[in-house]
Amino acid sequence: MTMLETAAELATHERPPAPLRTEKFRQSRPEVVGPDCPEPPFPISLSGAVRKGFGRGGKDLGCPTANLPDESLPPMSNVTQTGVYYGYAQVSPYNKEGQKVLSEDDTVVLPMVMSLGYNPFYKNQQLTAEIHIMHNFKSDFYGHEMRAIVLGYIRPELNYTSREGLIEDIETDKRVALKSLARPEYEKYKSDLHFSLLP
Ligand SMILES: Cc1cc2nc3c(=O)[nH]c(=O)nc-3n(C[C@H](O)[C@H](O)[C@H](O)COP(=O)(O)O)c2cc1C
């Protein structure tokens, strides 16, 4: 397997089609993933201003995602595969104009799942890093600075014959992420200095 390169470099390569999700895969998914302590290449710190995706995540899948700009992806070149990752994220309360528009409970460090890939179900041509923060935000936060620490890998990116299959796997991803983060060596990243930079 080759190392992931920058988004721009990857886009120029031929890539094999994503495997189709099977019933056997669904039944064999573990509830906790990764070692008890994050191992290299994790932790991976990311930051950037949240940009708009196609908007299908919230509408079609009941799972809104915050996309990171391409310039924030180089740290992910240390991972060897596209797929679903887990960790923590934090959103700045300030919008692009410098106005404070998010309340305190929206801006604490929160658990997240991240999809890094081409979303084969939607046949995207470009690599994206989409973060779903497990929290009910009261408003959108496009343009806000977002910080994230990726701590582990959950599963490869798959293709689906139905939207329901994808939704079911995303729900499992969220559960797996929460259980995997509920270990002391993972929880301590909530107070990492990467997050304390935000006011
Ligand atoms: C945790 C998680 C797992 C995902 N897994 C897959 C996947 O295996 N295959 C896929 O095609 N898309 C996957 N997606 C991406 C969704 O297809 C994507 O969020 C959707 O295209 C919405 O993007 P948009 O808001 O840019 O429209 C995943 C998204 C999340 C948040």
Side-chain angles (χ1 to χ4, degrees), residues 1 4 7 10-11 15-34 42 44 46 48-73 76 79-91 110-137 139-144 146-182 186:
M1 197 166 293
L4 261 188
L10 257 176
R15 25 172 230 283
L20 195 62
R21 187 255 219 174
T22 59
E23 191 56 20
K24 197 163 142 241
F25 172 81
R26 186 182 71 81
Q27 286 165 358
S28 65
R29 294 196 58 181
E31 286 286 315
V32 175
V33 291
F42 307 108
I44 298 174
L46 302 172
V50 175
R51 54 168 203 82
K52 267 198 164 116
F54 292 103
R56 298 163 305 208
K59 278 198 271 1
D60 277 14
L61 306 172
C63 174
T65 54
N67 291 39
L68 279 170
D70 289 353
E71 311 84 77
S72 3
L73 293 187
M76 286 308 288
V79 302
T80 53
Q81 49 198 331
T82 55
V84 183
Y85 292 82
Y86 66 95
Y88 291 107
Q90 184 183 39
V91 180
L110 295 159
M112 64 85 172
V113 274
M114 180 175 98
S115 165
L116 177 76
Y118 297 89
N119 302 354
F121 182 66
Y122 288 106
K123 301 188 174 53
N124 285 3
Q125 291 306 313
Q126 268 196 313
L127 183 84
T128 56
E130 302 173 46
I131 292 185
H132 170 72
I133 301 179
M134 287 180 257
H135 175 74
N136 234 333
F137 286 90
S139 64
D140 283 344
F141 48 86
Y142 295 118
H144 289 230
M146 178 167 68
R147 299 275 163 102
I149 298 186
V150 184
L151 293 170
Y153 172 76
I154 301 183
R155 67 169 172 91
E157 179 172 52
L158 300 173
N159 203 351
Y160 293 81
T161 51
S162 75
R163 200 171 57 114
E164 287 67 32
L166 174 56
I167 293 173
E168 192 180 275
D169 269 354
I170 293 176
E171 287 308 310
T172 306
D173 295 333
K174 292 189 212 171
R175 211 172 53 237
V176 170
L178 288 176
K179 286 198 176 157
S180 302
L181 288 170
Y186 286 79

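All residue numbers refer to positions in the sequence shown, counting from 1. Atoms within each ligand, like the ligands themselves, are counted from 1 in listed order.
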Mind checking whether E157 has an N or O less than 3.5 Å away from an N or O of ligand 1? no
Does M114 have a heavy atom less than 4.0 Å from any atom of ligand 1? no
Could you check whether the rings of F141 and H144 sit parallel, tilted or perpendicular, using 30° and 60° as the cut-offs? perpendicular
Are any of the N or O atoms of R56 closer than 3.5 Å to those of ligand 1? yes
Nearest protein heavy atom with distance in Å, relative to atom 12 (N) of ligand 1: N119 CA, 3.7 Å
Closest non-hydrogen protein atom to atom 30 (C) of ligand 1, residue and atom name please, with distance? S115 CB, 3.7 Å
Check whether any N or O atom of F54, backbone or side chain, sits under 3.5 Å from an N or O atom of ligand 1, and answer yes or no. yes
contact_flag Y160 ligand 1 heavy-atom lt 4.0 Å: yes
Does L166, backbone or side chain, put an N or O under 3.5 Å from an N or O of ligand 1? no
Nearest-neighbour protein heavy atom for atom 11 (O) of ligand 1, which is reported as residue plus atom name and distance: F121 N, 2.8 Å
Starting from atom 16 (C) of ligand 1, find the nearest protein heavy-atom neighbour and note its residue, name and distance. L61 CD1, 3.8 Å
Students should be able to answer this: which protein heavy-atom is nearest to atom 21 (O) of ligand 1, and at what distance? Y122 CD1, 2.9 Å
Treating E157 as the side-chain partner and Y118 as the backbone partner, does any N or O pair qualify as donor plus acceptor under 3.5 Å? yes
Within-cut-off N or O pair, V113 and ligand 1, under 3.5 Å: no
Mind checking whether I170 has an N or O less than 3.5 Å away from an N or O of ligand 1? no
Can you tell me the protein heavy atom closest to atom 25 (O) of ligand 1 and the distance? G57 N, 3.2 Å
For a salt bridge (Lys or Arg N to Asp or Glu O under 4.0 Å) check, start with the C-alpha distance between E168 and R21, then their side-chain angles and the critical distance, and finish with the verdict. CA-CA 11 Å; E168 192 180 275; R21 187 255 219 174; 2.9 Å; yes
Residue and atom name of the nearest protein heavy atom (relative to atom 7 (C) of ligand 1), distance in Å to one decimal: L158 O, 3.6 Å
Nearest-option assignment for atom 8 (O) of ligand 1, heavy atoms, candidates R21, R163, R155: R155
Taking the side chain from R51 and the backbone from D70, do they hold a donor-acceptor pair closer than 3.5 Å? no
So how far is it from T65 OG1 to M114 CE, rounded to the nearest 0.5 Å? 11.5 Å
When D173 is tested against each of R26, R29, K179 for salt bridge (Lys or Arg N to Asp or Glu O under 4.0 Å), which residue passes? R29
Which is closest to atom 23 (O) of ligand 1 by heavy-atom distance: E171, E130, H132? E130
